[in-house]
Amino acid sequence: MSDKKGLPKRSENYSEWYNELVRKADLAENSPVRGCMVIKPYGYAIWEKMQQQLDKMFKDTGHTNAYFPLFVPKSFLEKEEGHAEGFAKECAVVTHYRLKADPNKKGALIADPDSKLEEELIVRPTSEAVIWHTYRSWIQSYRDLPILVNQWANVVRWEMRTRLFLRTAEFLWQEGHTAHASAEEAKAETKQMLDVYAEFVEQYMAVPVIKGTKTANERFAGADDTLCIEALMQDGKALQAGTSHFLGQNFAKAFDVKFLNKQNQQEYVWGTSWGVSTRLMGALIMAHSDDNGLVLPPKLAPIQVVIVPIYKTEEQLNNLTETIQTIQKELKAKGISVKFDDRDSLTPGFKFADWELRGVPVRLALGERDLANGTIEVSRRDKERGEEGAKTVESIAGIADKIEALLADIQVNIYQKAHNFREANISKVDSYEEFKKVLNEKGGFILAHWDGTSETEQKIKEETKATIRCIPLEMPEEAGVCMLTGKPSKQRVVFAVAY
RNA sequence: CGGGAUGUAGCGCAGUCUGGUAGCGCGCCACGUUCGGGAUGUGGAGGUCGUGGGUUCGAAUCCCGCCAUCCCGACCA
């Protein structure tokens, strides 16, 4: 037993635990380019599962995929004022299209001064600008609407401080961009996609979220309204898991996108955009994992069941292999992904720890003893080592049905644990003193009254680092007074320190 | 962009003060013994000491410049 191979404890250093976990579970690593990451095969497999499910949900709600270019002419970005201001400080800019040998230094390359671009190209920080420019030529009549398009892409935002998955300079995401003939329809779309995100995060990632509206301060640059889902991490900090924006007619006006309505009148198009990114990976990791490693919900685990044979001789392995392959076949028939870990030269103990680290929901261990008894050892990852029910011995007969049920149970249990944690970490406070105290000692979501002004929000942020995560959609109205200014308030809002 | 620190084997580090054959742990390769919770022994491979210059008989070590990275702040849907 050496703890050199173990993770730091969450309780001792949460952020170091996170960093090490991402690395040790083979999810991602830092790249030679500052702020950018290499997503490793195992991490990418999880992202692919997320993509597949989300993509299905988008298509089920009538959307289709398309692809727009990586580069945005600078002039496009200038068109929507709020949008330009919001992103200008973090853009990668392409100025040249050719390299040449450096005359002053052998073997070195420089940007060829003769290849300077007439107009600089911006690596997209988001695609509203290119897409609305394109929509201009796609839309003439109300008959061309709505346009319901999504794209899977990478974007670049030159962040000062980055962390694997949570904030990287380049990240993968999807961005939906829709165009509608009326404000009502666009608003309904905005809400619909928020609901899709919430369903995905809760049902598949097993992470409970609060749906809400962003305050003006936190709103997307160029939107009239931003809806979001907010999740709570195990260290008491909030993570914005997805956003859906009602763009009003802002981009239509900036890019002159009009349509002729049924009354034969020109009208500006109404827009929405919505996105989730590889940051969801961060949410998934932080919401469920423990000091032994990753804990993955079965619905998103690339490997749902791993089988570890326990043997001494090659002959013993051969005896086990037959039974294991039968079990493997039965599980696969049920659509369960199974890995038979027959790596020689690694001890069972090492494999147990290794698969725990990688978050595989169910582990089966089979040895000679089991074979003689017709049994198999079943371990569930959602319970900690030694916890009641973490490990059981089951009969091999009918094992596939049991595992299928177990996977479903794990999915529910993981959600329930995260939900219980969040409920235990939502506090209602009525004074600023209490607010600061709870924030310091406990963290989590804090429900408090706020007078609705940006000044108050700003002041609280400066003094406590907590921001208004959202004005919740599904919480009863309640009269009260702002905890800072004492002015009247009709509803509590959600405060938290955020990632 | 301010403050602090660090660049030595794939990874983590010692060696630098006081210049003199480049080391340790993990990992890797081979073979043996192991194998029901992170095994172990023996042998082996692997290094432009970030980079450019200077001082010196001799530089990882001293001096100057540059580059890069990390941490704290500022910044951040």
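Heavy atoms only: backbone and side chains are in, while hydrogens, waters and symmetry mates are out. In what follows, chains carry the letters A, B, and so on, assigned in the order in which the sequence lines appear, proteins first and then strands, with residues in each chain numbered from 1.
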Going by purine N1 to pyrimidine N3 plus the second Watson-Crick contact, or the G-U wobble pair, all under 3.5 Å, which nucleotide sits opposite [N]?
{"N": "B:C1", "answer": "B:G73"}
{"N": "B:C28", "answer": "B:G44"}
{"N": "B:G7", "answer": "B:C67"}
{"N": "B:C13", "answer": "B:G23"}
{"N": "B:G58", "answer": "none"}

> Okay, side chain of A:Asn373, backbone of A:Asp370: is any donor-acceptor separation there less than 3.5 Å?
Replying inline: no
>> Strictly distance-based, threshold 3.5 Å: is any side-chain N or O of A:Lys211 a donor or acceptor partner for the main-chain N or O of A:Glu230?
In response: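 A pair under 3.5 Å: no.
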> Hey, does the side chain of A:Thr347 come within less than 4.0 Å of B:A39's phosphate (OP1/OP2), counting only N and O?
Replying inline: yes
> Under 4.0 Å: is that the gap between some side-chain N or O of A:Lys351 and OP1 or OP2 of B:G38?
Replying inline: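 For B:G38, neither OP1 nor OP2 has a side-chain N or O of A:Lys351 closer than 4.0 Å.
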>> Can you pull out the residues from residues 390-398 of chain A that lie within a 4.0 Å heavy-atom distance of RNA chain B?
In response: A:Lys391
> What about A:Glu368, does its side chain sit under 3.5 Å from the base of B:G36 through a donor-acceptor pair?
Replying inline: no
> Under 3.5 Å, is there an N or O donor on one side and an acceptor on the other linking the side chain of A:Arg167 and the base of B:A77?
Replying inline: no
> Among A:Leu7, A:Val22, A:Leu21, A:Leu357, whose side chain to side chain contact (heavy atoms under 4.5 Å, CB included) with A:Ser289 holds?
Replying inline: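 One option only clears the test, and that one is A:Leu21.
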>> Go nucleotide by nucleotide along RNA chain B from the 5' end; which of A:Asn292 and A:Pro348 gets its closest nucleotide reached first?
In response: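 It is A:Pro348, whose closest nucleotide lies nearer the 5' terminus.
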> Mapping A:Glu159 and A:Arg363 onto RNA chain B by nearest heavy atom, which one lands closer to the 5' end?
Replying inline: A:Arg363
> From the list B:G38, B:A77, B:G36, which nucleotide is the closest neighbour of the side chain of A:Ile310?
Replying inline: B:G36
> When rounded to the nearest Å, what value does the distance between P atoms of B:A45 and B:U40 take?
Replying inline: 23 Å
> Which whole number of Å gives the distance between the P atom of B:C17 and that of B:U6?
Replying inline: 15 Å
Whole angstrom is fine here: how far is it from [atom1] in [X] over to [atom2] in [N]?
{"X": "A:Arg369", "N": "B:C35", "atom1": "CZ", "atom2": "P", "result": "13 Å"}
{"X": "A:Asp344", "N": "B:A39", "atom1": "CG", "atom2": "C1'", "result": "14 Å"}
{"X": "A:Lys214", "N": "B:C76", "atom1": "NZ", "atom2": "P", "result": "14 Å"}

Under a plain distance cut-off of 3.5 Å, with no hydrogens placed, do [Y] and [X] share a side-chain donor-acceptor pair?
{"X": "A:Thr456", "Y": "A:Thr453", "answer": "yes"}
{"X": "A:Trp274", "Y": "A:Thr272", "answer": "yes"}
{"X": "A:His245", "Y": "A:Thr226", "answer": "yes"}

Name the pairs: protein N/O against N/O of nucleotides 28-30 of chain B, kept only if under 3.5 Å.
none

>> My understanding is that only one of A:Lys383, A:Lys351, A:Arg381, A:Arg385 makes a salt bridge (Lys or Arg N to Asp or Glu O under 4.0 Å) with A:Glu356; could you say which?
In response: A:Arg385
> Are A:Arg124 and A:Trp173 in a cation-pi contact, defined as NZ or CZ under 6.0 Å from the six-membered ring centre and within 45° of the axis?
Replying inline: no
> Do we get A:Arg363 above A:Phe352's six-membered ring, with its NZ or CZ under 6.0 Å from the centre and within 45° of the axis?
Replying inline: yes
> When every nucleotide of nucleotides 69-74 of chain B is labelled 5' to 3' by its protein contacts under 4.0 Å (heavy atoms), B for base, S for sugar-phosphate only, - for none, what sequence of letters results?
Replying inline: S--BBB
>> Between A:Trp132 and A:His83, is the ring centroid distance below 6.0 Å?
In response: no
>> With salt bridge (charged side-chain N to carboxylate O under 4.0 Å, His left out) as the criterion, how do A:Arg23 and A:Glu29 come out once you've worked through the C-alpha distance, each side chain's angles and the decisive distance to 0.1 Å?
In response: CA-CA 6 Å; A:Arg23 229 170 41 79; A:Glu29 61 190 29; over 6 Å; no
> Which distance, rounded to the nearest 0.5 Å, do you find between the CG of A:Leu280 and the CG of A:Leu54?
Replying inline: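 Nearest 0.5 Å value for the CG-CG distance: 7.0 Å.
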